[in-house]
Amino acid sequence: MNFWLFKTEPDVFSIEDLLACTQKTSSWEGVRNYQARNYLRDSVRIKDRVLMYYSRNEPSGVIGEMEVVRSGYPDHFAFDESSEYFDPKSKKESPTWYMVDVKYLKTLDRMISLKEIKSNPKLKEMVLVKNSRLSIQPVTREEYKEIIRMAGAKTLDV
DNA sequence: GCCAACGTTGGC
DNA sequence: GCCAACGTTGGC
């Protein structure tokens, strides 16, 4: 099992939006960065655990947990001219962009802010701290558990 | 809303 | 293949 952090702007897609989806499951479309695409296409697998992170939020931080329920497949929004994620460079026969499906697991008892993450020495190697731009990023098991612990969870199931 | 940091594009 | 110009992300 691998661990990840996915960024979203809550104005665009929030954890409440995910909860409102059928089976609390949604595609995670619109990633338009090659490094993030490579993770989605090649490395994100079913059963992987994902921290949902709110960017451009007050405060920014980790809001909840998700589980991957479908591994990488072509992001068909890139083919749809009416979509904000349309990309004429991506062709159906050789898709440029990929997405996965995620399912809601839980909302943290309290949000773990970026400020707290930055001030925790155990988290100083996180990609989030080192490269703030990447929207799909790997997290170690230890980092994942530390953030869940900071939110006050008494037991950890990972 | 500003703007630094980063990523992409395209002329040469 | 370099790199200037441009576009985007995201913290603040």
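Note that the coordinates shown come from a computational prediction; the quantities given were computed from them, not determined experimentally. In the text below, chain A, chain B and the rest are named by the order of the sequence lines, each starting its count at 1.
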Name all residues meeting the salt bridge (charged side-chain N to carboxylate O under 4.0 Å, His left out) criterion together with A:R45; count only those two or more places apart in sequence or in a different chain, and write none if there are none. none
Strand-adjacent residues in residues 109-130 of chain A, judged by heavy atoms under 4.0 Å from DNA chain C: A:L114, A:K118
For DNA chain B, whose closest nucleotide is more 5', that of A:S132 or that of A:K89? A:S132
Charged N to carboxylate O under 4.0 angstrom, A:R49 versus A:E65? yes
Report the residues that fulfil salt bridge (charged side-chain N to carboxylate O under 4.0 Å, His left out) with A:R70, sequence neighbours left out, ordered by chain and then residue number. none
Can you pull the contact range of chain A along DNA chain C, 5' to 3', using atoms under 4.0 angstrom from its heavy atoms? C:dG7 to C:dC12
Between A:R56 and A:Y34, just flag the one whose closest nucleotide in DNA chain B comes earlier from the 5' side. A:R56
With A:E29, which residues qualify under salt bridge (charged side-chain N to carboxylate O under 4.0 Å, His left out), at least two apart? none
A:Y53 near the nucleic acid: base, sugar-phosphate alone, or nothing, with a heavy-atom cut-off under 4.0 Å? sugar-phosphate
A:D87: partners by salt bridge (charged side-chain N to carboxylate O under 4.0 Å, His left out), with sequence neighbours left out: A:K89
Among A:R32, A:R37, A:K92, which residue satisfies the salt bridge (Lys or Arg N to Asp or Glu O under 4.0 Å) criterion with A:D75? A:R32
Carboxylate-amine/guanidinium proximity below 4.0 Å for A:E125 and A:K130: yes
A:D42 and A:Y98 side chains, donor-acceptor separation under 3.5 Å: no
